[in-house]
Amino acid sequence: MKNTITKLSVMLLAATTVLTACGGNNNNNASGGNAPATEAPAGNTAATDAPEKEVSFTIGYASGDPATKKAIADTVKKFTDANPNVTIKDLSETSSAAYLDWLKTKDAVGEFPDLVEMRDTQVFADAGKIVELPADLLDLFESPPQVDGKVWNAPMQVNAPQGIIYSKKAYADAGITELPKTYDEFIAIQEKLKSSGITPLVVGGKDIFHMGFWVNKFLIDDVYSKDPDWNSKRTAKTVSFTDPDVVQGMTDFKELFQNYVDKGWLSTADNQTASILVSGKAAQLYSGTWMFTQIAEADPAFEFGFYAIPDREGKVNVIGLPSPAGWSLSAEAAKDADKTEAIKEFIRFFFAPEQYSVYLASINAIPSTKEKVTYETSEQMQVALDLIADPNVTKSLAINNWWGDNLIPPQFRNWYYKLLQDLVMKDGDVTDYMKQADKEYDNQVKANSL
């Protein structure tokens, strides 16, 4: 994989401007360079004669993506190596279950993490399970998204675009010399790949979260790029899943899966997709920038490209708005002053430029911090950065990443993804299935209001 050095500080300035316009969303010093002014200087032994107090806390995060899991685990180890008085117990588990369901299970058995990667912020904030981000951490970030006028998260990164990761060899072998300018041209590419004898697309459908990549591609193109407030209107029953725009998007989803996706997609795990791609069993994978490292590690000689799929009119719409997600402090942990201070020190360490740049580079992520970060990036990541910085590219969010009036019932996302799996496997009628979606959505809204 060809690498170039990119000064992210320059590009991210432009990216921040775009996001604002869209209206949103090995450091041995545990303080990460953001220690309080009252902290004793490093050489002041008078303040360190007494042994440091032993403290421990638990941590939980979504671990379905191997690269992200390793990046966080490596950061935890570096922090505890530098702070031997702090013990961090990692509760995270890799499974095909949805992260929200895993968190709810942990809560039910009394194991809700002290420091938790929060994605469904409003759900857990409303339930009183997390507290606001401590005020002395707010200055680490430029303008983190708020829920109910409050900042609940230390955003781990800015949402990055998803797109097609493709084998350059497979494209060349199929005679594909240009990237698509419209969705119809993208489908023509799938036909060329299929005719060349290779499976066009690999999908990790065994993991329900992976389904969201394609589902949201079509929802963003046909729904959210035109109406960012669609979710709130669905809650108010003024729009429907049976409306032509949703039906069109889900019809495209169904036809893509039936015609161009590897037949074993429902039993393929997300962490198998990189090896399937580099082995030549499939030509493309639709996923996010975090996969670049996994693909390069699976086969350093594998040549691949990345692009966002345009819609039928040739417009490019991607995930790219900020959302309220990131590290959050549990309400229970916040009752313990020593635990809270240790967690705050970990957060400062996590976002210290020397450490944070390593984390970002390992998963090809975009920094969320106010302090500029520079790291080595790739040809493929440059495409993602250009998409974020391009004012002509519409930035949006996935169905479950909206908040406020646009928050959907928390269990609906997984139910809907499973419904669409069933739609494909049973060759169902799209409109009939969307009627089921309307009914389930309304039932969940009603249940949540009781």
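In this text the structure is predicted, and so the values were computed from the model without any measurement.
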Do side-chain atoms of [X] reach the backbone of [Y] as a donor and acceptor pair under 3.5 angstrom?
X	Y	result
Ser368	Val158	no
Arg234	Val239	yes
Thr238	Lys233	yes
Thr293	Ser362	yes
Glu117	Ala62	yes
Gln248	Asp222	no
Asn216	Ile399	yes
Asp65	Thr68	yes
Ser267	Lys206	no
Thr273	Gly204	no

Original post:
Can you list the steps and then say if Phe257 with Met211 is a side chain to side chain contact (heavy atoms under 4.5 Å, CB included)?
Top reply: CA-CA 11 Å; Phe257 268 64; Met211 296 302 301; 3.9 Å; yes
Euclidean distance, [Y] [atom2] relative to [X] [atom1], rounded to 0.5 Å:
X	Y	atom1	atom2	result
Asp270	Phe209	CG	CZ	3.5 Å
Asp221	Asn317	CG	CG	5.0 Å
Thr105	Leu100	OG1	CG	9.5 Å
Ile165	Gln294	CD1	CD	9.0 Å
Asn153	Ser328	CG	OG	4.0 Å
Gln436	Leu423	CD	CG	9.5 Å

Just wondering, do [Y] and [X] contact through their side chains at under 4.5 Å, heavy atoms?
X	Y	value
Lys281	Val202	no
Asp148	Asp126	yes
Tyr260	Ile187	yes
Leu103	Met118	yes
Trp214	Leu201	yes
Asn231	Leu407	no
Gln411	Asp101	yes
Glu371	Leu140	no

**OP:** Using the ring of Tyr286 (Phe, Tyr or Trp, six-membered ring only), decide whether Lys217 places NZ or CZ under 6.0 Å from its centre and within 45 degrees of its axis.
**Re:** no
Subject >> Pairs involving residues 420-449, ordered by first then second residue, that meet ring pair (Phe, Tyr, Trp, His ring centres under 6.0 Å) (sequence neighbours left out) >> reply: Phe412-Tyr441
Look at [X] together with [Y] and state whether they make a salt bridge at an N to O cut-off of under 4.0 Å.
X	Y	answer
Lys169	Asp173	yes
Asp245	Lys226	no
Asp252	Arg312	yes

**OP:** Verify side chain to side chain donor-acceptor pair (under 3.5 Å) between Ser240 and Asp438, making sure each step is shown before the conclusion.
**Re:** CA-CA 7 Å; Ser240 166; Asp438 274 336; 2.4 Å; yes
**OP:** Could you pull out all residues at least two apart from Asp74 that satisfy salt bridge (charged side-chain N to carboxylate O under 4.0 Å, His left out)?
**Re:** Lys70
Original post:
Partners of Asp90 by salt bridge (charged side-chain N to carboxylate O under 4.0 Å, His left out), sequence neighbours excluded?
Top reply: none
Subject >> Centroid separation Trp102 to Tyr61 less than 6.0 Å >> reply: no
Original post:
Are the ring centres of Trp402 and Tyr224 closer than 6.0 Å?
Top reply: yes
**OP:** With side chain to side chain contact (heavy atoms under 4.5 Å, CB included) as the test, would you mind laying out the steps for Val223 and Val246 before giving the verdict?
**Re:** CA-CA 7 Å; Val223 181; Val246 185; 3.8 Å; yes
Original post:
Mind checking whether Phe346 and Phe350 have parallel, tilted or perpendicular rings, split at 30° and 60°?
Top reply: tilted
Original post:
So does Gln272 have more than 12 non-hydrogen atoms from other groups sitting under 6.0 Å from CD?
Top reply: yes
**OP:** Give a yes or no on this: more than 12 heavy atoms of other residues, nucleotides or ligands lie within 6.0 Å of atom NZ of Lys150.
**Re:** no
**OP:** For Asp422 and Lys426, run salt bridge (Lys or Arg N to Asp or Glu O under 4.0 Å): C-alpha distance rounded to whole Å, both residues' side-chain angles, the deciding distance at 0.1 Å, then the answer.
**Re:** CA-CA 6 Å; Asp422 194 66; Lys426 294 182 179 178; 3.3 Å; yes
Subject >> Audit row: Tyr416, Glu440, side chain to side chain donor-acceptor pair (under 3.5 Å) steps and yes/no >> reply: CA-CA 9 Å; Tyr416 187 60; Glu440 179 66 20; over 6 Å; no
Subject >> From CA spacing to verdict: salt bridge (Lys or Arg N to Asp or Glu O under 4.0 Å), Asp390, Lys395 >> reply: CA-CA 10 Å; Asp390 188 344; Lys395 316 303 187 303; over 6 Å; no
**OP:** Kindly determine whether Tyr183 and Glu313 satisfy side chain to side chain donor-acceptor pair (under 3.5 Å), including the steps that lead there.
**Re:** CA-CA 8 Å; Tyr183 183 71; Glu313 287 73 43; over 6 Å; no
Original post:
Among side-chain atoms of Gln444 and Asn448, is any donor-acceptor pair under 3.5 angstrom?
Top reply: no
**OP:** Check step by step if side chain to side chain donor-acceptor pair (under 3.5 Å) holds for Glu111 and Thr58.
**Re:** CA-CA 9 Å; Glu111 295 181 358; Thr58 59; over 6 Å; no
**OP:** Mind running side chain to side chain contact (heavy atoms under 4.5 Å, CB included) on Gln258 and Asp427 for me, showing each step along the way?
**Re:** CA-CA 8 Å; Gln258 289 186 329; Asp427 191 23; 3.1 Å; yes
Original post:
Should Asp405 and Asp229 be marked as a side chain to side chain contact (heavy atoms under 4.5 Å, CB included) after you check the CA-CA gap, both sets of side-chain angles, and the distance that decides it?
Top reply: CA-CA 8 Å; Asp405 291 340; Asp229 292 316; over 6 Å; no
Can you tell me which residue among [options] is in a ring pair (Phe, Tyr, Trp, His ring centres under 6.0 Å) with [X]?
X	options	value
Phe351	Phe79, Tyr356, Trp327	Tyr356
Phe124	Trp403, Trp152, Phe112	Phe112
Tyr166	Phe302, Phe304, Tyr307	Tyr307

